[in-house]
Amino acid sequence: MILSKNKYLIFRMKKGSISIFLAMIFLSIVLLVSVIAEAARMSAVQAKSTSVSYMASDSVMASYAKQVYEDYGLLLVWEKQKIEDMLLEYVQANIQMADLEVSGNDFMMPDVMKANIKKKILITDSGGDYFVEQVEKYLKYAGLTAVIKKLKNDSGDVEEREIQNNVTDDITTKDSNKMATLVENIDESVSSLKDIANISKALLGAKNAYEKVKTSKNTSKKNWEKLINNFSDLQVALKKKNSSIDNVINLINKYENKKDELLKKTGNKKVKNDYIDQNLTKLKNIRGKINGIESLNVSNATEMNESLLKEIHNALEDSNSIIKSLSELLLSKVTAEDKKNQSIYDSAGDFLTKGVLSLVIGDTKNLSSASIVTSNLPSKTSMSNSENSSELLDNAIIAIYSEIKFGNYIKSKKSHALQYEMEYLVAGKDSDQKNLKSVIERLVLIRNATNLACLMGDEEKMALIETVAASVAAVTGLPFMEPLAKVLLTEAWALAESISDVKALLKGEKLSLIKTKANWKTDLKSLSSSSSKGESNGFEYKRYVQMLMMLTSRDKIVYRAMDLIQLNICKSYNQEFRMNKCFVEFKAQIEYKAAPLFASMPWSVGLTKDGGGYRYSVACSNNY
């Protein structure tokens, strides 16, 4: 019995061990299954989180500014609320499948904690490179790549040249009057110098006495004394004339000094010698000869002296030369034709002083009076320099884009904030009239360069200019004014032709880039009443404005285009719209939390246990 009892106890002990062993195995299996299930669940949760994160980023980018896209072909998101909030809102909606009716529990539903924006690119960043990139894609889609290249090539021949306004502006009326009075005094004094009666009479007497002495074999003392007396009379006459010559030379020296001052004011340091300069040279030569004649001492010559007789002979020859030179001194001459040409010059001067806008437009009452506030525009708040742009190419892209989307003087858009929008791209002023004025002035400069080149190459026209300039010098009594008058007349005529050209453009007509003699329209005699007829071939107004864009800073053109878009969206749709609040790309880190379900696995890769849940993050990015 004892043995049986022991066997029974041993059997029971073995049976209990097996139960414990089986229990331990079962528990391990349960734990293993739980871990596997939890790992699979968390992998699915993370996959879902990644999916909803990217769907949320897509949803954010899908919230583009519809009106900007429809009106301007640009994809950008206006950040009316923070990107972080938008992401969290879309993530939560995607997790909960807010647009579906789902019953039951979702064991893979995580909790979104927060979103951190790592990078955000605004449309106004990097010198507007992202804006230009979208515009370029739009134009490629519209098939305008070839037009961009053509505009870029055509603009290579365009240049601006400053117009020299009235080159006599620096010569005041007071200066001019002083010079005219001085020239008048010089002319009067020179006119008196040309009175050579006394010298001629004294010279004739001296010559006759000299001939008697020279031809007589036995010269008497009486003949010699007569020669000496007559020669002394000649010396006295020349001495008196020399005193007058000194006075005239002093006047001319004052004239020369004043002329140099005035030429320096006008920026013309050297001009061709005028008739007063020529008189000065002659008078100095005459004075030298008279001084030589006066230096002969004949008063003590009581007997004939061959050496002295030879000197007297030379002096008489010099006296002849002096009389001839005095008679050839120049005076200003004013003819009826000169006075007529003076009126042409005065008209040219008046023409240059008028405002370009009034000359081109005339009546400005019908111009647009639209104006804008520029303080909150991208060009004022967000402008930066592009580091990797091609200036000419980018300018051409914006120029062609502006033709499609923006208005101009010829074809304005009444519903827009500004009607002359292409002009704004060039000038950047706060009103239509200011922008138009600036563009017109620059167009005149462009036309002036080619017109001036054509004019200066036309011998017939330049001959007319020289004739009028010579008349101006004669009438004003300012001989040195001739080359300055020539410059003024040339500039005025070229400007009149440029005004005529721009008038034609503003009428919607065409103009070729290069001016030729055949298509010259204006007349020097009637600059203000010039024709404004266009040509059969060439470019229209909008193309010339685009060429001005090619000459403008790339960054200014790009940001001014964004200004116009903002202004028009604000006017038509939402006054709060701002381009510098619109983004085209972002990168974000979204943080999630998931509660343990089957097991807690703090050692799992990518998961951290925190407050009874798992934390992890998903990186996402998106762009246009």
Side-chain angles (χ1 to χ4, degrees), residues 154-169 344-362 409 426 436-469 483-551:
D154 290 341
S155 301
D157 296 328
V158 178
E159 63 173 326
E160 293 183 63
R161 181 189 180 278
E162 286 293 334
I163 298 171
Q164 288 189 353
N165 287 329
N166 195 337
V167 293
T168 60
D169 279 348
I344 295 175
Y345 174 80
D346 291 339
S347 298
D350 292 340
F351 186 81
L352 281 174
T353 59
K354 293 179 180 178
V356 170
L357 184 63
S358 63
L359 289 171
V360 175
I361 298 293
Y409 175 80
V426 173
L436 181 62
K437 178 178 181 292
S438 178
V439 165
I440 287 175
E441 288 174 348
R442 291 187 66 182
L443 285 177
V444 168
L445 290 178
I446 286 178
R447 297 303 302 177
N448 192 67
T450 181
N451 291 342
L452 193 62
C454 176
L455 179 59
M456 296 182 73
D458 190 326
E459 294 181 0
E460 184 179 342
K461 289 185 176 64
M462 291 307 296
L464 175 58
I465 287 174
E466 289 174 358
T467 300
V468 175
L484 301 182
K486 182 179 176 181
V487 172
L488 182 144
L489 290 164
T490 305
E491 289 285 355
W493 202 352
L495 175 61
E497 186 71 13
S498 302
I499 296 294
S500 174
D501 289 343
V502 177
K503 279 183 177 180
L505 287 175
L506 294 179
K507 289 181 179 179
E509 299 190 40
K510 295 180 179 180
L511 282 178
S512 60
L513 281 176
I514 305 301
K515 177 68 68 174
T516 63
K517 184 177 179 180
N519 56 30
W520 192 273
K521 300 184 290 291
T522 57
D523 185 356
L524 181 60
K525 297 179 181 179
S526 54
L527 297 179
S528 298
S529 57
S530 58
S531 167
S532 57
K533 187 178 180 181
E535 301 167 20
S536 56
N537 297 315
F539 299 115
E540 296 178 346
Y541 172 76
K542 65 181 178 181
R543 182 52 57 89
Y544 274 93
V545 177
Q546 288 173 326
M547 291 178 183
L548 286 179
M549 294 182 199
M550 300 298 290
L551 300 176

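- Minimum heavy-atom separation, Leu489 to Ala469: CD1-N, 3.8 Å.
- Annotation: side chain of Lys515 is in contact with side chain of Lys521 (closest heavy-atom distance under 4.5 Å).
- Side chains of Asn537 and Ser512 form no contact here, defined as non-hydrogen atoms less than 4.5 Å apart.
- Between Glu491 and Leu452, the shortest heavy-atom distance links the atoms OE2-CD2, 4.2 Å.
- Side-chain contact between Ile361 and Lys437 is absent, with no heavy-atom pair separated by less than 4.5 Å.
- Across all non-hydrogen atoms, the minimal contact from Trp520 to Cys454 is CE3-SG, 4.0 Å.
- Note: Ile465 CD1 to Asp458 CG = 9.0 Å, rounded to the nearest 0.5 Å.
- Scanning both residues, Thr490 and Met456, for their nearest heavy atoms gives CG2-CG, 4.2 Å.
- A salt bridge links Glu466 with Lys486: at least one charged nitrogen is closer than 4.0 Å to a carboxylate oxygen.
- Between Leu455 and Ala494, the shortest heavy-atom distance links the atoms CD2-N, 4.0 Å.
- The side chain to side chain donor-acceptor pair (under 3.5 Å) test with Glu497 is passed by exactly one of Thr450, Thr522, Asn451: Thr522.
- How far CG of Leu524 is from CG of Leu464: 5.0 Å, rounded to the nearest 0.5 Å.
- Checking side-chain atoms of Tyr409 against main-chain N and O of Tyr541 turns up no donor-acceptor pair under 3.5 Å.
- In this structure, Trp493 CH2 and Lys525 NZ are separated by 9.5 Å, a value rounded to the nearest 0.5 Å.
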Would you sort out whether Leu443 and Val360 count as a side chain to side chain contact (heavy atoms under 4.5 Å, CB included), showing the intermediate values? CA-CA 11 Å; Leu443 285 177; Val360 175; over 6 Å; no

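- One finds the NZ atom of Lys510 at 12.0 Å from the CG atom of Leu505 (value rounded to the nearest 0.5 Å).
- With rounding to the nearest 0.5 angstrom, the CZ atom of Arg442 is 6.0 Å from the CG atom of Leu551.
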Would Phe539 and Met547 count as a side chain to side chain contact (heavy atoms under 4.5 Å, CB included) if you check the C-alpha gap in whole Å, the side-chain angles of each, and the deciding distance to 0.1 Å? CA-CA 10 Å; Phe539 299 115; Met547 291 178 183; 3.7 Å; yes

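- Separation of atoms CD (Gln546) and CD (Glu540) is listed at 10.5 Å; rounding is to 0.5 Å.
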